[in-house]
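The structure appears right after this line, and notes come after that.
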Amino acid sequence: MNHQDLVAIEHALTLANRGDTCWLCTRLDTPAPACPHLSVTSDGDGPRYAGQPVLLTDAWDGGTCLANINNANADDGTPCLVERLSPTSETLVHLEVIHATLAGQPSLIRRVSLHGATLKLLRPAPTSPLIHVGDDAVEVLIQPALRLVLIGHSPTSIELARQGQRLGFEVILCVPGSPDTHPSTATLPAGVEFQRAPAAPFLHGGGGHRRTLVMDATDASAIARASREACCHGYLAMADNDPRQAENWLYDGWRRLCTSPSA
């Protein structure tokens, strides 16, 4: 799962805490890079995925159903799971656990009954697929959202941040002690978080998880050690790498994360 999935669940929590019903659409194929699996809209807007309407089938019973995105032909189009979530205490707890998982907690499987039964969260097996569609239920593997932590000033930081966002990463630039107005932040892409905390404590304190890539322009041994101890997926000391090598490393890390559900 990527950063946009985390944003979607945060939106669902906002609506539920406000007492509003929402639609949760889960894409059941493999989306393009940076395209989310999850999309959330308010009750009045109806079910949508990334702005595209989701056409409900005759099987809709007011709780869950399988549907297609922007396609009237039930045998064609992009498949998705549609849920209409009421703002109950059960829904809030369910969304909060999913949010914690996307933020870095251990992976879970959402088991959604197609007959309106209670939502379930299960522990995955090492071989659990990303998506499983059965006759009675759909199972979706929820993993921590992709995260890229860029540490220190680097001439390539801006382009790496853009590339990370294109691949669906949450991007964090960690420059300890620098003011928010530092020139390195002036041209950062919108949505990049600027973090002034020391990098090693930041990674230890939840800034790193097993689906995090760390690219370090300072080449500090303490940061490399913190990356390992935080179980980050990969660490790159960038001093001895040219921009092309750094971009290739980022892409290779993204590809490994996307093709290995247990990563």
Side-chain angles (χ1 to χ4, degrees), residues 1-11 25-41 48-52 69-70 78 80 99 101-104 107 130-131 140-175 182-195 199 202-203 207-217 227 232-239 241-261 263:
M1 299 234 155
N2 66 34
H3 180 51
Q4 292 305 313
D5 296 311
L6 178 61
V7 172
I9 293 300
E10 288 175 346
H11 182 42
C25 296
T26 303
R27 185 164 172 162
L28 298 179
D29 66 348
T30 302
C35 290
H37 281 279
L38 308 176
S39 183
V40 172
T41 50
R48 291 177 176 271
Y49 171 85
Q52 295 177 288
I69 299 170
N70 199 25
T78 303
C80 71
H99 182 268
T101 301
L102 289 166
S107 299
L130 293 173
I131 302 287
V140 180
L141 180 63
I142 306 294
Q143 302 170 291
L146 298 176
R147 181 176 293 168
L148 171 63
V149 180
L150 301 170
I151 298 173
H153 297 295
S154 167
T156 61
S157 292
I158 303 302
E159 184 52 40
L160 288 171
R162 292 195 183 100
Q163 180 70 3
Q165 287 185 325
R166 284 195 291 267
L167 295 174
F169 285 87
E170 174 188 15
V171 180
I172 300 170
L173 175 62
C174 188
V175 188
H182 191 281
S184 67
T185 69
T187 54
L188 282 176
V192 173
E193 178 183 335
F194 184 55
Q195 178 63 245
F202 171 72
L203 292 171
H209 53 63
R210 67 189 180 284
R211 290 172 61 80
T212 299
L213 298 180
V214 179
M215 305 186 77
D216 180 15
S227 298
C232 296
H233 183 76
Y235 169 87
L236 177 69
M238 291 196 291
N241 291 272
D242 62 32
R244 177 60 63 183
Q245 288 176 312
E247 288 184 20
N248 288 342
W249 184 88
L250 172 59
Y251 179 79
D252 289 342
W254 167 80
R255 187 170 53 186
R256 288 194 305 272
L257 287 167
C258 290
T259 56
S260 177

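- For His99, the side-chain contact (heavy atoms from CB on, under 4.5 Å) test picks out Leu6, Ile9, Glu10, Leu13, with sequence neighbours left out.
- Minimum interatomic distance between Leu203 and Cys232 (heavy atoms only, all atoms of both residues): CD2-SG, 4.4 Å.
- With sequence neighbours left out, the side-chain contact (heavy atoms from CB on, under 4.5 Å) criterion links Arg166 to Glu159, Arg162, Gln163.
- Shortest non-hydrogen contact noted between Pro36 and Asp5 is CB-OD1, 3.3 Å.
- Interatomic distance, NE2 of His11 versus CD of Gln4, reported as 12.5 Å (0.5 Å rounding).
- Using a 4.5 Å heavy-atom cutoff, the side chains of Leu250 and Met215 are in contact.
- The line from NE2 of His209 to CZ of Arg147 is 4.0 Å long, rounded to the nearest 0.5 Å.
- Side-chain contact between Leu173 and Val175: present, with at least one pair of heavy atoms (C-beta onward) separated by less than 4.5 Å.
- With values rounded to the nearest 0.5 angstrom, Leu236 atom CG is found 11.0 Å from Asn248 atom CG.
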(message) Walk me through whether Gln165 and Val192 qualify under side-chain contact (heavy atoms from CB on, under 4.5 Å).
(response) CA-CA 9 Å; Gln165 287 185 325; Val192 173; 3.6 Å; yes

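- In terms of heavy atoms, Leu213 sits closest to Trp254 at CD1-N, 4.1 Å.
- Atom-to-atom distance recorded for Leu167:CG and Leu257:CG is 10.5 Å, nearest 0.5 angstrom.
- Contact record, Thr156 with Met238: OG1-SD, 4.5 Å, taken as the closest heavy-atom pair.
- Although no hydrogens or angles enter the test, the distance criterion places a donor-acceptor pair under 3.5 Å between the side chain of Ser39 and the main chain of Arg48.
- In plain terms, the two heavy atoms of Tyr235 and Ser227 that are nearest each other are CD1-OG, 3.5 Å.
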(message) Checking Gln52 against Thr78 for the side-chain contact (heavy atoms from CB on, under 4.5 Å) test, could you report, in this order, the C-alpha distance in whole Å, the side-chain angles of both residues, the deciding distance, and whether it holds?
(response) CA-CA 11 Å; Gln52 295 177 288; Thr78 303; over 6 Å; no

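- Distance alone, capped at 3.5 Å, is enough to place a donor-acceptor pair between the Gln245 side chain and the Asp242 backbone.
- Atom OH in Tyr49 sits 13.0 Å away from atom OG1 in Thr41 (nearest 0.5 Å).
- Inter-residue side-chain proximity for Leu146 and His3 is flagged as unmet; no heavy-atom pair is nearer than 4.5 Å.
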(message) If you apply the rule side chain to side chain donor-acceptor pair (under 3.5 Å), what do you find for Arg210 with Ser107, and how did you get there?
(response) CA-CA 10 Å; Arg210 67 189 180 284; Ser107 299; 2.7 Å; yes

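- Between Met1 and Leu141, the shortest heavy-atom distance links the atoms CE-O, 3.7 Å.
- Interatomic distance, Ile151 CD1 to Gln195 CD, rounded to the nearest 0.5 Å: 10.5 Å.
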